[in-house]
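Working notes, beginning with the structure itself.
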Amino acid sequence: MECYISCARLFFVLLSLFLFYHQKHYFCPAENQLISTLKGSLMKKKNILDRLNDKQRVAVEQIEGPIMVLAGAGSGKTRVLTYRVAHLINQGIDPMNILALTFTNKAAKEMKERIINLVDNKNARNVWMGTFHSIFARILRIEGARLGYPSHFTIYDTEDSKRLMKAIIDENQLDNKIYIPNYVLNRISSAKTSLVTSSSYNQNPEFITYDKMTAKPKIGLLYSLYQNRCFKASAMDFDDLLLNTFILFRDFPDILYKYQQKFMFILVDEYQDTNFSQYMIIKKLAANNENICVVGDDAQSIYAFRGATIKNILNFKNDYPDLKTIKLEENYRSTKTIVNAANSIIVNNKEQLSKEIWTNNESGNKISLIQATTDNEEGTLVANSIFEHKMNQQLKNDSFAILYRTNAQSRAFEEALRKLNIPYKIYGGLSFYKRKEIKDLLAYIRLVINNNDEGALVRAINFPSRGIGKTSLQKIIIASEEQNKSLWQVIEQMPKQSLTISTATQNKIATFVTMIKSFSVQLNSKNAYALGREIASTSGILKTLYEDQSPEGFNRFENIEELLNAIKDFSEKDQGNIPIGGDIENEFRGLAEFMQDVALLTDADTSNKENPDHVSLMTVHAAKGLEFPFVFIVGIEENLFPSIQSLNSIADLEEERRLFYVALTRAQKKVTLSYTENRYRWGNLTLAEPSRFIDEIKVDLIESPQKASIHLSKTKGFGGTNKKITQANFLSHSRKKLKKLGDLSNQTNESIIGDEMNNLQTGMLVAHQRFGKGKVINVDGAGPNRKATVFFPNIGQKQLLLKFAKLKIIKSE
DNA sequence: ACCGTATTCAGCGCG
DNA sequence: TGAATACGGT
């Protein structure tokens with residue numbers, strides 16, 4: 001819980017950083033160092049190439065023609081990509097003519113920063129670097145008119161899609177037990193990924209027979225209805241961004257030609273995780289120049305379950321006969337032990353390209369194995385082990401990561417780390433922009449930008465509640481279906497409609513319409529922040545949350561303020577700081593421009609500005625592309641890792657194995673595996689046995705299990721480099737550290753209330769950041785739930801959770 | 001319209 | 001187990 005809130009704050013800190021390039025990358029200390037070194041020693045063009053090994057160098061220097069780089073884990077893949085772009089720019093290529101597609105926004109942003117630091121060219125930021133979705137969303141905003149979309153089209157997130165699909169299933173009186181919204185959406189998604197439109201779906205024997213076989217013959221119909229509804233709302237879902245780009249290029253050769261000319265050089269990162277539609281788009285774009293460089297590692301393909309296919313790597317050879325393939329096989333990241341362990345795992349996969357990863361690094365520590373009795377004990381043992389490593393080797397928290405297969409496993413580790421006052425951060429989980437209050441305000445903003453946005457309208461009209469209920473909305477939806485209009489078009493022409501809605505309700509709707517219109521007209525003239533605030537207050541969102549006396553309500557209020565602050569930051573910065581690409585004519589930084597960034601932003605772009613020194617907790621999937629000195633891979637049990645769902649097919653099991661390979665290769669110095677004999681799953685205790693993956697690691701690379709709990713007195717040294725610490729020494733040392741840790745923990749987890757707050761008593765005068773001075777009326781609750789009732793003369797009585805409210809005691813009596 | 005209770009479901013998740 | 005949603009009563 002606490003994490004969400006710190007996440008929330010962080011998210012927008014990060015959002016602003018994302019937008020303005022002030023971001024530091026915490027996970028790549030080596031590269032970071034490199035950058036500062038380079039900056040300091042006035043980079044010259046030829047120095048770039050000196051930093052590469054022979055193979056990397058070929059991959060960077062061979063700028064013309066098709067190139068495929070098969071880059072093993074830790075082999076400097078990112079460096080090849082960044083240096084290649086830098087090299088292109090140094091060769092005089094206009095950055096505007098370079099297209100670089102990445103897997104995440106974060107990767108794009110980090111790479112771009114590095115490139116800007118590598119080259120002495122102010123225009124370097126104009127490289128079109130971003131995810132497939134963000135790049136093609138941009139192109140669709142420019143060219144979408146050809147397909148009948150306005151440039152301000154909405155991008156539906158998965159929640160919008162689900163809401164819409166539910167509604168459609170309902171409206172068509174289909175059984176939502178048979179037509180489960182998520183299932184239907186998955187079918188549609190895989191169709192779109194295969195470039196099958198709704199009309200071709202209904203003629204596609206493969207899809208039709210499958211749906212008949214599974215007794216869901218109406219899916220094709222639902223697909224059509226869904227597409228129609230999205231189109232009326234001027235909305236695209238994530239898959240549409242790719243599908244529509246493909247259609248655009250397929251049906252409008254002039255546009256395809258334009259972008260083929262523009263993108264003279266194309267680079268694709270994480271090629272093993274691209275799907276068919278991405279493959280086809282790339283193929284089209286590169287068809288003219290064939291200056292295309294793809295980088296990937298088939299051994300790290302872990303997203304087949306959502307449509308990615310390594311066929312793209314195999315097909316690549318067929319598409320470009322004069323393809324040059326380069327294998328990067330030297331690992332710079334990990335110890336010999338880790339590299340060998342990873343190799344001994346991956347050979348068990350039948351389907352793979354031949355590659356032999358090796359390293360010149362030291363042998364390092366053996367892989368440790370922790371055996372626990374219960375999942376809680378697993379948490380404790382891992383946390384203790386982290387603590388022990390820290391103490392013995394004087395390490396920071398950010399040297400450690402705990403990786404798990406499923407998010408549900410995180411709890412035991414959180415609790416154990418909290419007990420030891422070790423700051424941690426959970427990556428993944430509920431992100432800021434998915435919070436209700438944020439989505440509420442964003443819904444208004446979306447509606448103001450795109451009146452036809454159905455998802456936004458349904459949300460906004462319901463909150464704050466204004467007496468327009470389900471029944472009225474249902475009538476509006478029916479009318480919109482009958483007339484093939486958007487919901488907005490129906491309510492805008494309300495008086496002309498013969499709807500069976502009471503005059504009172506009609507008046508309420510009319511008021512709502514007028515309000516939204518009054519915002520819309522200001523969109524292109526008013527400052528984003530001013531308009532955002534006006535929307536937040538006029539809509540009643542601020543007021544409603546303000547009047548909510550509960551601590552949660554207070555928090556929501558704060559989150560809205562946080563969002564408004566982010567908008568303010570955005571609007572105040574001058575243009576030229578556009579996150580992706582650069583040759584954009586639009587210099588006005590209004591709300592619409594802000595929203596274009598937000599729609600495609602995710603939590604993966606977070607890191608911790610307030611206290612970067614934390615242990616990272618995340619799924620193995622989320623860890624892709626990251627590295628840590630010490631990695632704990634937990635829950636290495638049959639039916640969990642490999643997952644029980646993967647045991648039906650060899651292909652799935654092989655993907656699990658690749659996933660385990662990815663997990664291992666995140667580590668630089670040491671890997672610790674853990675498993676438990678008993679695990680709570682869905683409320684009941686189940687027996688667990690060690691994963692087959694443990695047996696697949698060569699025996700000489702792994703230690704036999706450590707069983708009993710680790711106590712301070714049992715501390716042993718690790719490896720050669722650390723200094724020996726006598727027991728007495730260690731204890732006194734650890735006490736100091738403990739205290740320091742407590743302080744840090746206080747910042748990150750917000751779980752410990754400062755000493756001062758423990759002394760808070762009724763009658764004291766306190767100061768609050770926003771509410772000003774007030775008097776404490778009551779204090780109750782304990783630990784993280786400790787809260788105070790404070791009377792603020794100007795505002796009134798407020799209940800504040802002490803762990804969130806940054807109260808200062810002014811006067812004790 | 002809203003709230004408390006019953007029921008359901010449970011894998012990883014880029015954008 | 002626990003969260004997220006559906007239901008049903010006021």
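Below, chain A is the first sequence line, B the second, and so on; all start at residue 1.
Residue A:E655 is out of contact with every strand shown, counting any heavy-atom pair closer than 4.0 Å. Contact annotation for A:R405: base contact, defined as any heavy-atom pair under 4.0 Å involving a base atom. Contacts of A:R411 with the nucleic acid, taken as non-hydrogen atoms under 4.0 Å apart, involve only primed sugar atoms and P, OP1 or OP2.
Under the salt bridge (charged side-chain N to carboxylate O under 4.0 Å, His left out) criterion, A:K283 pairs with A:D319, sequence neighbours left out. Every residue was checked against the salt bridge (charged side-chain N to carboxylate O under 4.0 Å, His left out) condition with A:K311, not counting sequence neighbours, and none meets it. The side-chain contact (heavy atoms from CB on, under 4.5 Å) test applied to A:L685 returns A:N678, A:Y680, not counting sequence neighbours. Residues meeting the side-chain contact (heavy atoms from CB on, under 4.5 Å) test with A:S649, sequence neighbours left out: A:A651, A:D652. For A:E437, the salt bridge (charged side-chain N to carboxylate O under 4.0 Å, His left out) test picks out A:R435, A:R556, with sequence neighbours left out. Residues meeting the ring-ring contact (aromatic ring centres under 6.0 Å, His included) test with A:F246, sequence neighbours left out: none. By the salt bridge (charged side-chain N to carboxylate O under 4.0 Å, His left out) test, A:R405 is found to be paired with A:E656, residues two or more places apart in sequence or in another chain being considered.
Annotation: the span from A:F249 atom CZ to A:Y259 atom OH amounts to 7.0 Å, rounded to 0.5 Å. Atoms CD and CD, from A:Q409 and A:E637 in turn, are 7.5 Å apart once rounded to the nearest 0.5 Å.
Cation-pi check for A:K436 over A:F463 is met; the charged atom lies under 6.0 angstrom from the ring centroid and within 45 degrees of its normal.
Nearest-nucleotide mapping onto DNA chain B: of A:F132 and A:T406, the residue sitting toward the 5' end is A:T406.
Sorted by first and then second residue, the salt bridge (charged side-chain N to carboxylate O under 4.0 Å, His left out) pairs involving residues 186-195 of chain A (not counting sequence neighbours) are A:R187-A:D211, A:K192-A:D237, A:K192-A:D240.
Taking the C1' atoms as reference points, B:dC14 lies 24 Å from C:dA3, given to the whole Å. A gap of 15 Å separates the P atoms of B:dG13 and C:dA4, to the nearest Å.
What separates CG of A:D652 from C1' of B:dC12 is a distance of 11 Å, to the nearest Å. Note: CD1 (A:I169) to P (C:dA6) measures 11 Å, nearest angstrom. For the pair A:D157 CG and B:dC14 P, the interatomic distance rounds to 13 Å; values are reported in whole Å. Following rounding to the nearest Å, A:I135 (CD1) and B:dC14 (C1') show an atom-to-atom distance of 15 Å. Distance, A:M595 CE to B:dG15 P: 16 Å, rounded to whole Å. Look at CZ on A:R163: it is 18 Å from C1' on C:dA6, rounded to the nearest Å. Rounding to whole angstrom units, OH of residue A:Y271 and C1' of B:dC14 are separated by 17 Å. If you take CH2 of A:W682 and P of C:dA3, they are 17 Å apart, rounded to a whole angstrom.
At a non-hydrogen distance threshold of 4.0 Å, A:F238, A:D239 from residues 234-248 of chain A come into contact with DNA chain B. Contact check of residues 171-191 of chain A against DNA chain B (heavy atom, cut-off under 4.0 Å) returns no residues at all. Within a heavy-atom distance below 4.0 Å of DNA chain B, the residues of residues 301-311 of chain A found are A:Y303, A:F305, A:R306.
Taking the centre of each ring, A:H621 and A:F305 come in below the 6.0 Å mark. Taking the ring centroids of A:F103 and A:Y303, they lie under the 6.0 Å cut-off.
Side-chain to base pairing of A:Q278 with B:dG15: no donor and acceptor N or O lie closer than 3.5 Å to each other.
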For nucleotides 1-7 of chain B, give me every protein contact, N/O to N/O, under 3.5 Å, one pair per line with atom names.
unit_1	atom_1	unit_2	atom_2	d
B:dA1	OP1	A:G469	N	3.4
B:dC2	OP1	A:S465	OG	3.4

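Side-chain atoms of A:Q645 lie closest to B:dG11 of the nucleotides B:dC12, B:dG11, C:dG2. Closest to the side chain of A:N407, out of C:dT5, B:dG13, B:dG15, is B:dG13. Distance from the side chain of A:T619 is smallest for B:dC12 among the nucleotides B:dG15, B:dG11, B:dC12.
A:T676 and A:D375 form no side-chain donor-acceptor contact under 3.5 Å, judged by distance and modelled atom types alone. Defined by atom type and a distance below 3.5 Å, a donor-acceptor pair is present between the side-chain atoms of A:T505 and A:S502.
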